[in-house]
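We use all heavy atoms of the structure for the numbers below, so side chains are in, but hydrogens, waters and symmetry mates are not. When a ligand or atom number is given, it counts from 1 through the structure's own listing order.
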Amino acid sequence: MASATILKSSFLPKRSEWAAAARPSIGRQPVAVSFTVRAGSYADELVKTAKTVASPGRGILAMDESNATCGKRLASIGLENTEANRQAYRTLLVSAPGLGQYISGAILFEETLYQSTTEGKKIVDVLVSQKIVPGIKVDKGLVPLAGSNNESWCQGLDGLASRAAAYYQQGARFAKWRTVISIPNGPSALAVKEAAWGLARYAAIAQDNGLVPIVEPEILLDGEHGIDRTFEVSLKVWAEVFYYLAENNVLFEGILLKPSMVTPGAENQEKATPEQVAEYTLKFLHRRIPPAVPGIMFLSGGQSEVEATQNLNAMNQRPNSWHVSFSYARALQNTCLKTWAGRPENVKAAQDVLLVRAKANSLAQLGKYTGEGESAESKEGMYVKNYSY
Ligand code: 13P
């Protein structure tokens with residue numbers, strides 16, 4: 001691993017010093033009912049980081065595919081899954097000129113957080129110079145949940161505090177933990193509780209170590225169910241998530257959410273219009289998400305690039321109480337990766353395509369996307385059954 005880089009850039013919030021005073025003293029608080037929230041030494045820095053990521057007209061580039069998933073991406077363009085190929089691809093992404101105009105945060109896999117570009121600059125430094133906050137995937141992936149109906153749970157709490165502290169030293173300022181909920185397999189009460197509890201423990205640990213936690217219980221697109229069923233499951237899942245976030249004293253102003261949009265299952269014959277997706281999704285947000293939360297950064301989940309942009313735009317054309325934005329992987333990278341095809345001479349064209357998608361989603365964050373000039377490729381769906389990341 002490379003040596004630690006301590007970021008000096010002024011746009012990254014510094015560790016605050018007020019918090020020792022702000023930390024509630026148990027002796028001075030009413031004992032039975034405590035309305036206090038976590039206000040550890042990073043509290044105001046967490047709030048600042050979350051606001052920076054949730055800034056108008058910007059969203060997150062999720063480029064934290066695990067090595068296994070990145071291997072599938074590279075295989076799709078005929079490349080081997082080597083560190084050099086992963087480095088070349090990620091260099092292309094982070095050094096797209098002017099990316100920071102549309103992208104406020106980039107989620108990295110651990111390898112990338114400690115990696116340099118092909119020109120030898122630290123990837124973290126390149127992001128900071130683009131005014132993009134570096135983030136880190138901290139979960140250790142999904143495994144079968146014993147005692148459930150073929151559902152999964154997400155590993156990674158063991159040793160998380162020390163890993164999170166090291167990631168902060170390396171320049172990360174936010175984190176991601178992705179767990180999944182399957183509608184066709186239940187979801188069982190056990191799977192929902194496990195997902196919500198794991199997310200809440202992770203969020204508390206991340207905040208204690210200066211990282212804004214992205215809370216992501218992905219409700220998978222798999223299934224034949226209609227949009228009403230997705231809505232009902234979303235309400236259930238997010239009620240439990242917030243219950244346990246509160247129990248773990250997580251500071252709501254210092255988190256970001258990464259929900260799935262409310263859509264019909266991928267195998268349902270009926271497709272929802274962007275207006276329907278916006279209506280259902282905003283209704284679920286209004287019923288479950290406290291206004292203290294600074295940003296809702298949706299995942300794309302297998303929607304086509306254009307669909308994900310249209311749905312985001314429709315949400316931002318209606319009144320809503322949050323910064324409603326994107327944290328897309330596939331819906332930002334798909335045509336970029338294909339355009340690159342592993343050839344150095346295509347790097348500029350691929351970066352241009354990435355910037356087109358980033359700009360389209362930036363406009364959608366502002367409710368100003370018109371859909372003009374989109375390629376046929378960007379309209380192709382990317383749904384994969386039982387998708388892992
Ligand atoms: P997709 O946008 O491809 O669903 O991925 C986002 C992500 O980060 C999943 O955790």
Trainee: In this structure, which one of R90, R330, K137 forms a salt bridge (charged side-chain N to carboxylate O under 4.0 Å, His left out) with E65?
Mentor: R90

Trainee: If we set the cut-off at 4.0 Å for heavy atoms, which region of R178 has an atom near ligand 1: side chain, backbone, both, or neither?
Mentor: side chain

Trainee: For T335 and E305, test the side chains for any donor-to-acceptor distance below 3.5 angstrom and give the result as yes or no.
Mentor: yes

Trainee: For ligand 1, which atoms have a heavy atom of K258 less than 4.0 angstrom away?
Mentor: 6 (C), 7 (C), 8 (O)

Trainee: Tell me, please, whether F242 has R288 positioned over its six-membered ring: NZ or CZ under 6.0 Å from the ring centre and within 45 degrees of its axis?
Mentor: no

Trainee: Cation-pi check for F231 against K283: NZ or CZ below 6.0 Å from the six-membered ring centre and within 45 degrees of the axis, yes or no?
Mentor: yes

Trainee: How does S327 reach ligand 1, by side chain, by backbone, by both or by neither, if only non-hydrogen atoms under 4.0 Å count?
Mentor: backbone

Trainee: Which of the atoms of ligand 1 are close to G301, meaning less than 4.0 Å from one of its heavy atoms?
Mentor: 1 (P), 2 (O), 4 (O)

Trainee: Please could you name the atoms of ligand 1 that Y328 approaches to less than 4.0 Å, counting only its heavy atoms?
Mentor: 2 (O)

Trainee: Using modelled atom types and a 3.5 Å cut-off, is there a donor and acceptor pairing between side-chain atoms of N248 and backbone atoms of A204?
Mentor: no

Trainee: Parallel, tilted or perpendicular: which one describes the rings of W197 and Y244, with boundaries at 30° and 60°?
Mentor: perpendicular

Trainee: Near K176, which atoms of ligand 1 are under 4.0 Å from a heavy atom of that residue?
Mentor: 7 (C), 8 (O), 9 (C), 10 (O)

Trainee: What part of S300, side chain, backbone, both or neither, has a heavy atom within less than 4.0 angstrom of ligand 1?
Mentor: both

Trainee: Find all atoms of ligand 1 within a distance of less than 4.0 Å from any non-hydrogen atom belonging to A62, and give their numbers and elements.
Mentor: 8 (O)

